[in-house]
**Q** 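Next up is a structure, given as structure tokens.
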2 protein chains.
Amino acid sequence: MIEDNNSDSETSAGANGAIQRVFEALSSQPRRKILAYLAHSSLTAGEIAARFDMSKPSISQHLSILETAGLIAKERQGQFIHYSLVQNNLVNTLNGFVQDVCPVSRPIKRESKELGRGGQHKDRT
Amino acid sequence: MIEDNNSDSETSAGANGAIQRVFEALSSQPRRKILAYLAHSSLTAGEIAARFDMSKPSISQHLSILETAGLIAKERQGQFIHYSLVQNNLVNTLNGFVQDVCPVSRPIKRESKELGRGGQHKDRT
DNA sequence: CGCCTATTTAGGCAATAAGCTAATTATCTA
DNA sequence: TAGATAATTAGCTTATTGCCTAAATAGGCG
């Protein structure tokens with residue numbers, strides 16, 4: 001584990017842990033996929049698990065990580081637990097990070113334009 | 001427990017690997033910090049290493065991961081190797097992901113318009 | 001209550017990631 | 001060419017992640 005003195009570009013030490021948790025949560029494809037599903041509509045843990053070729057406990061663990069990162073929220077309804085997206089956290093964090101890496105000198109809007117005329121991007125179109 | 005191939009939300013096999021590499025690269029604080037430094041100005045590997053309390057080989061490894069993810073680029077100048085940010089990839093990928101997970105809204109919304117990347121998203125609530 | 005379903009917790013194992021030191025490659029300079 | 005400096009590659013160790021199965025917890029229902 002690194003003892004990073006200088007912290008991130010962000011400030012408050014508290015935020016660092018949060019940011020770390022968010023990025024770590026996003027580093028897994030199953031978890032990103034869960035987020036994508038939840039972007040659609042809220043789902044129970046079981047419904048989510050049913051969409052993956054993975055055991056329920058594993059999915060439960062992923063859900064836990066996403067929740068700890070503040071990206072999703074759960075609410076019990078009877079025997080079911082419904083999970084839903086917490087959009088602000090995701091967007092705020094990612095956006096905050098992008099702002100950080102692309103300082104004012106290069107507003108994000110400008111990026112879009114450049115992107116529009118297709119610079120070099122992977123095959124993600 | 002149903003199947004499920006591995007399609008991410010997007011599904012162009014190539015893009016998955018690229019996206020995975022980007023998110024994985026971003027999941028490390030030292031690497032995010034490197035990106036933040038490079039957002040400010042290009043630096044040599046040594047200059048970057050000097051900003052961390054970590055061995056040069058370790059930094060070199062981080063740089064390699066960032067480069068493989070397409071987030072930074074290197075250029076040799078004599079004995080030095082200068083690293084610089086490749087902004088489009090970062091923004092493109094993060095933005096693409098946000099588009100996928102979050103319906104159109106939030107600050108980033110502007111991007112979507114300009115990007116106008118044909119939607120291969122699933123749905124938008 | 002007793003049983004069934006939904007979900008999480010516990011414990012274990014294999015694969016991966018992150019760090020280090022030592023050695024190698026590349027380039028400059030005398 | 002020899003020697004110095006910049007950076008990477010190799011090899012190793014330790015910590016973490018991700019997945020699984022089995023067991024436990026919580027709620028619903030006859």
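Computed from a prediction, not measured in an experiment: that's the story for all the values here. Naming: A, B, ... by sequence-line order, numbering from 1 per chain.
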**Q** Between C/dG19, C/dT9, D/dC20, which one does the side chain of A/M54 approach most closely?
**A**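 Of the options given, the side chain of A/M54 lies nearest D/dC20.
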**Q** So which one's nearest nucleotide on DNA chain D is more toward 5', B/Q61 or A/Q77?
**A**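 Its nearest nucleotide being more 5', the pick is B/Q61.
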**Q** Nearest whole angstrom, please: distance from the C1' of C/dA6 to the NE2 of A/H82.
**A**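 The answer, rounded to whole Å, is 11 Å.
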**Q** Can you tell me if the side-chain N/O atoms of A/R31 get under 4.0 Å from OP1 or OP2 in D/dG18?
**A**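 Looking at the OP1 and OP2 atoms of D/dG18, one of them is under 4.0 Å from a side-chain N or O of A/R31.
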**Q** Send over the distance from A/R21 CZ to D/dT17 P, rounded to a whole Å.
**A**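 Nearest whole value for this atom pair: 13 Å.
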**Q** Please give, in whole Å, the distance from C/dC4 P to A/Q79 CD?
**A**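 Computing the A/Q79:CD to C/dC4:P distance gives 13 Å.
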**Q** Give the rounded distance in Å between these two atoms: CD of B/E24 and P of D/dT17.
**A**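 In whole Å, D/dT17 P lies 12 Å from B/E24 CD.
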**Q** Under 4.0 angstrom, heavy atoms only, what part of the nucleic acid is A/E47 near: base, sugar-phosphate, or nothing?
**A**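 Nothing, no heavy atom under 4.0 Å.
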**Q** So do A/E47 and A/T44 actually touch side chain to side chain, heavy atoms under 4.5 Å?
**A**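 Yes. Closest side-chain heavy atoms under 4.5 Å.
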**Q** Which nucleotide, C/dT8, C/dT7, C/dT21, lies nearest any side-chain atom of B/P57?
**A**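 Of C/dT8, C/dT7, C/dT21, C/dT21 is nearest to the side chain of B/P57.
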**Q** Over how many whole Å does the gap from A/L26 atom CG to D/dT17 atom C1' extend?
**A**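 Result: 16 Å.
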**Q** Determine: side-chain N/O of A/S58 to OP1/OP2 of D/dC19, distance under 4.0 Å, yes or no.
**A**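 For D/dC19, OP1/OP2 do not have a side-chain N/O of A/S58 under 4.0 Å.
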**Q** Verify the contact: side-chain N or O of B/S28 to OP1 or OP2 of C/dA17, cut-off strictly under 4.0 Å; return yes or no.
**A**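 Checking C/dA17 against B/S28, no side-chain N or O comes under 4.0 Å of OP1 or OP2.
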**Q** A/F80 has an atom CZ; how far is it from atom P of D/dG27, in whole Å?
**A**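 These atoms are roughly 13 Å apart.
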**Q** Could you give the CD-to-C1' distance, from A/Q29 to D/dC19, as a whole number of Å?
**A**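 After rounding, the reported distance stands at 15 Å.
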**Q** I want to check something: taking the side chain as every heavy atom from C-beta on, are A/R76 and A/H82 in contact at a cut-off of under 4.5 Å?
**A**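 Heavy-atom side-chain distance check fails, nothing below 4.5 Å.
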**Q** Tell me: CG of B/L63 to C1' of D/dA7, nearest whole Å?
**A**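 Nearest whole value for this atom pair: 10 Å.
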**Q** For residues A/H62 and A/S28, report the shortest heavy-atom separation together with the two atoms involved.
**A**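 So the minimum-distance heavy-atom pair works out to CE1-OG, 3.9 Å.
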**Q** Have a look at A/S64 and say if it touches a base, only the backbone sugar-phosphate, or nothing, with a 4.0 Å heavy-atom cut-off.
**A**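 Since no nucleic acid heavy atom lies under 4.0 Å of A/S64, the category is nothing.
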**Q** Are B/Y83 and D/dA6 close enough that a side-chain N or O sits under 4.0 Å from OP1 or OP2?
**A**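 For D/dA6, neither OP1 nor OP2 has a side-chain N or O of B/Y83 closer than 4.0 Å.
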**Q** Do any side-chain nitrogens or oxygens of A/H62 fall under 4.0 Å of OP1 or OP2 in D/dT17?
**A**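 A/H62 to D/dT17 OP1/OP2: no side-chain N or O under 4.0 Å.
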**Q** Below 4.0 angstrom from OP1 or OP2 of D/dC19, is there any side-chain N or O of A/S55?
**A**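 The answer is no; no side-chain N or O of A/S55 sits under 4.0 Å from OP1 or OP2.
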**Q** Taking C-beta and beyond as the side chain, do A/K33 and A/F52 meet within less than 4.5 Å on heavy atoms?
**A**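 They are in contact (side-chain heavy atoms under 4.5 Å apart), so the answer is yes.
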**Q** How long is the straight-line distance from CG of B/L71 back to CD1 of B/I34, given to the nearest 0.5 Å?
**A**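 With rounding to 0.5 Å, CD1 (B/I34) is 11.0 Å from CG (B/L71).
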